[in-house]
Amino acid sequence: MAETLYLRLPANDSPASWLLVDVLGNRIGRVQQGTLTDAAAQAHGRRLCVIVPGARISLFHVAIPTRNQQKVLQAVPFALEDRLAEDVELMHFALGARDEQGYRVAALKRTDITHWLEQLASADLEPDQLVPDMLALPVQNETLTAALDRGHILARFPDGSGFSAEESLAPLLAERFLAQVRATMTCDKAVIHAADPEAAASLMSAFGALELDVQTASLNDDSLLPLFAATLHQKPAINLLQGEFGRRKGMSEHWQRWRVAIVLLAVFCVAGIVQQGVAYFELRHQAAQLDAQVLEEFHKALPDVHRVVDPRAQMQQRLSQLSGGNDSNGPLAMLMSLGTALQANSTVQLTGFSYHSGTLQVQVQADQIQALDNLKNALQEDGHFNVNLDSVNSNSGQASGRLTLTGNSP
């Protein structure tokens, strides 16, 4: 998160003021004043939160059941139509956070927010947030928070509502708001922030008449900006830049949001490729080992053959020669039946074989003697051979034996 420049837009021809705050909320320097162009030099490369005059902004609470923000914004004008003096088509609405009863909504004329944005754009300022000044005051339990500001009163109540009005209207508005707040919660204290506590005497008297225990608090640098910055750093307020006035995010901002996911995806892709590569080389190594075993067994069976091209074909050719053709009782038929039976009994391993005078002797081993017996039964079910299992022994958890296959007499 970058440093933040809190800029207060003046309500009249008075100068703008701004305060720079670091990522932890600590002030960098003092409150400065000047033109918006002067502020733009400080805003480069930093988040910009602009605090606008709240006197022309009304706050409402609407009970809309859906949580879809787009649908809520579509429903708000109809919900507030009877509570606004202006035509809702001329108004701009911004949503706050949802609570148990609904949403806090800020309503103002489109022309007002357009004017503020044009002012900022003329100084090459593009705000990330546009916040009403009364919503930059802190919300405190059971306490009305107020601030004296150049003949205006800013007020914030414990339910999050508030107003910005001329000093003469403040007592009446405070009484009306308090009646609404006290219907659901306690509010019996007030804190008035003022550069000169004596200037707050009339307001203290008015708040005292509303059965409020009133205290005063002095302002740092005789400015409300440090208080605003501390409040907004801890808890963001309603941002008026919503809907048609929402900030269009550039590619750099999209990258900031998605860069962690993109980096993780890239890491997973690279890891997957590496894993596939390792598996490929392992399979190649296993295939090479199997080829070596096939050659070893081939040379054991046919030691007189030195040129090996296709071990299986060469073995079949030699067996055919030995059996005198494709005799169904010959060695080739026996080996084919044996291969089929071994596939069906995968726990049995072939350790050696020999063929002589119409008899095939096969050395086999398995984890259990029962597996050898199952292999014998599978060969017998074939029906072409006589099968005997002998020389069976078991040692160190391994059972071995010898199968003898002879052809059935025609």
> For Q349, does the CD atom have more than 12 heavy-atom neighbours from other residues, nucleotides or ligands under 6.0 Å away?
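Atom CD in Q349 is not packed in, count stays at 12 or less.
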
> For D390, is there an ion pair with R402 - N to carboxylate O distance below 4.0 angstrom?
yes

> Any side-chain heavy-atom pair from N239 and C49 closer than 4.5 angstrom?
no

> How many angstroms lie between OG1 in T114 and CD in E244, if you round to the nearest 0.5 Å?
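Separation between the atoms: 7.0 Å.
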
> Should the heavy atoms of other residues, nucleotides or ligands under 6.0 Å from CE of M336 be counted, would the total exceed 12?
no

> Determine whether more than 12 heavy atoms belonging to other residues, nucleotides or ligands lie under 6.0 Å from atom CG of D99.
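Count over threshold, so yes.
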
> Where is the tightest heavy-atom contact between P77 and F93, given as atom of each residue plus distance?
CG-CE1, 3.8 Å

> How are the rings of F177 and F163 set to each other: parallel, tilted or perpendicular (split at 30° and 60°)?
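Tilted: the ring planes of F177 and F163 meet at 30° to 60°.
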
> Could you tell me the separation between the CD1 atom of I51 and the CG atom of L224, rounded to the nearest 0.5 Å?
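Rounded to the nearest 0.5 Å, the CD1-CG separation comes out at 9.0 Å.
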
> Where is the tightest heavy-atom contact between R47 and D128, given as atom of each residue plus distance?
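Between these two residues, the closest heavy atoms are CA-OD2, 3.4 Å.
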
> If I take atom CG from residue D112 and atom NE2 from residue H115, how far apart are they, to the nearest 0.5 angstrom?
8.0 Å

> For R110, look at atom CZ and say whether over 12 heavy atoms of other residues, nucleotides or ligands are found less than 6.0 Å away.
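For R110, atom CZ is crowded (more than 12 foreign heavy atoms under 6.0 Å).
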
> Looking only at the side chains, is there a donor atom on one of E381 and N377 sitting less than 3.5 Å from an acceptor on the other?
no

> Indicate yes or no: does D133 engage R8 in a salt bridge with an N to O separation below 4.0 Å.
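Counted as a salt bridge, because a side-chain N and a carboxylate O are separated by less than 4.0 Å.
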
> A43 and L125: which non-hydrogen atoms are nearest, and at how many Å?
CB-CD2, 3.7 Å

> Within this structure, what is the CD-CG distance for the pair Q380 and L375, rounded to the nearest 0.5 Å?
10.5 Å

> Once rounded to the nearest 0.5 Å, what's the spacing between atom CG of L403 and atom CG of D373?
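The CG atom of D373 is 9.5 Å from CG of L403, to the nearest 0.5 Å.
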
> For Q368, I'd like to know if atom CD has over 12 heavy atoms of other residues, nucleotides or ligands within 6.0 Å.
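Open: at most 12 neighbouring heavy atoms sit under 6.0 Å from CD of Q368.
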
> Are any side-chain N or O atoms of T186 and backbone N or O atoms of E142, one a donor and one an acceptor, separated by less than 3.5 Å?
no

> Would you say CZ of R56 has more than 12 non-hydrogen atoms from neighbouring residues, nucleotides or ligands within 6.0 angstrom?
no

> So, D159 versus S161: side-chain donor-acceptor pair below 3.5 Å or not?
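Yes, side-chain donor-acceptor contact under 3.5 Å.
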
> With the side chain counted from C-beta on, respond yes when T4 and H233 share a heavy-atom pair under 4.5 Å apart, and no when they do not.
no

> When rounded to the nearest 0.5 angstrom, what distance separates CG in L9 from CH2 in W18?
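Going from the CG atom of L9 to the CH2 atom of W18 covers 12.0 Å.
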
> Would one find more than 12 heavy atoms of other residues, nucleotides or ligands at under 6.0 Å from atom CD of Q275?
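No, not enclosed.
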
